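Okay, so here's the structure we're looking at.
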Amino acid sequence: MKDMTLQDFEQAGILAANQARAAAHKAGTFYSFSKNGKVLREYPDGRITEVIYDGTGHVTEMDYSRE
């Protein structure tokens with residue numbers, strides 16, 4: 001087995017993320033990811049929301065699709 005380079009790990013991560021995204025959409029649910037320090041959810045219909053947790057653990061989702 002050869003040693004993996006940083007580029008190999010990056011490509012493996014991209015592949016894994018794409019497969020997880022496809023599996024979530026096929027299952028009819030969202031998948032979560034981060035962008036610019038924000039936690040986002042993308043739903044099978046293409047809608048993207050920002051997930052915001054307050055100090056008590058309450059979750060609020062705000063439409064992020066138009067940003």
Side-chain angles (χ1 to χ4, degrees):
M1 176 190 248
K2 74 172 191 149
D3 290 338
M4 291 183 70
T5 65
L6 179 58
Q7 186 176 18
D8 293 333
F9 279 111
E10 288 173 347
Q11 289 298 326
I14 290 168
L15 179 61
N18 288 339
Q19 290 175 342
R21 177 181 179 181
H25 284 257
K26 185 176 180 181
T29 190
F30 65 85
Y31 81 99
S32 299
F33 62 100
S34 65
K35 181 177 180 181
N36 299 327
K38 297 179 180 182
V39 176
L40 304 174
R41 289 180 178 169
E42 183 174 332
Y43 288 86
D45 64 4
R47 184 171 42 99
I48 298 174
T49 62
E50 180 182 356
V51 181
I52 301 168
Y53 297 90
D54 68 13
T56 65
H58 181 262
V59 177
T60 303
E61 289 186 59
M62 297 179 59
D63 186 3
Y64 187 82
S65 302
R66 295 183 211 134
E67 288 188 21

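Nothing fancy with the numbering, it's 1 onward along the sequence. Small disclaimer: the values here were computed from a predicted structure and weren't measured.
In plain terms, the two heavy atoms of Asp3 and Asp8 that are nearest each other are O-OD2, 4.2 Å. Residues Thr49 and Tyr43 come closest through the heavy atom pair OG1-CE1, 3.7 Å. Here the shortest heavy-atom pairing between Gly28 and Pro44 reads C-CG, 3.7 Å. For the residue pair Glu50 and Leu40, the shortest heavy atom distance occurs at CA-CD2, 3.7 Å. Scanning both residues, Phe30 and Ala24, for their nearest heavy atoms gives O-CB, 3.6 Å.
Between atom CZ of residue Phe33 and atom CZ of residue Arg21 there is a gap of 7.5 Å, rounded to the nearest 0.5 Å. Put simply, CG on Asp45 and NE2 on His25 are 9.0 Å apart, with the number rounded to the nearest 0.5 Å. Of the inter-residue distances, the one linking Ile52 atom CD1 with His58 atom NE2 reads 11.0 Å to the nearest 0.5 angstrom. Distance CD/Glu42 to NZ/Lys35: 10.0 Å, rounded to 0.5 Å. Between atom CG of residue Leu6 and atom CD of residue Gln11 there is a gap of 10.5 Å, rounded to the nearest 0.5 Å.
Note: the hydrophobic cluster containing Val59 also contains Val39 (ILVMFWY, side chain heavy atoms under 4.5 Å, direct or indirect links).
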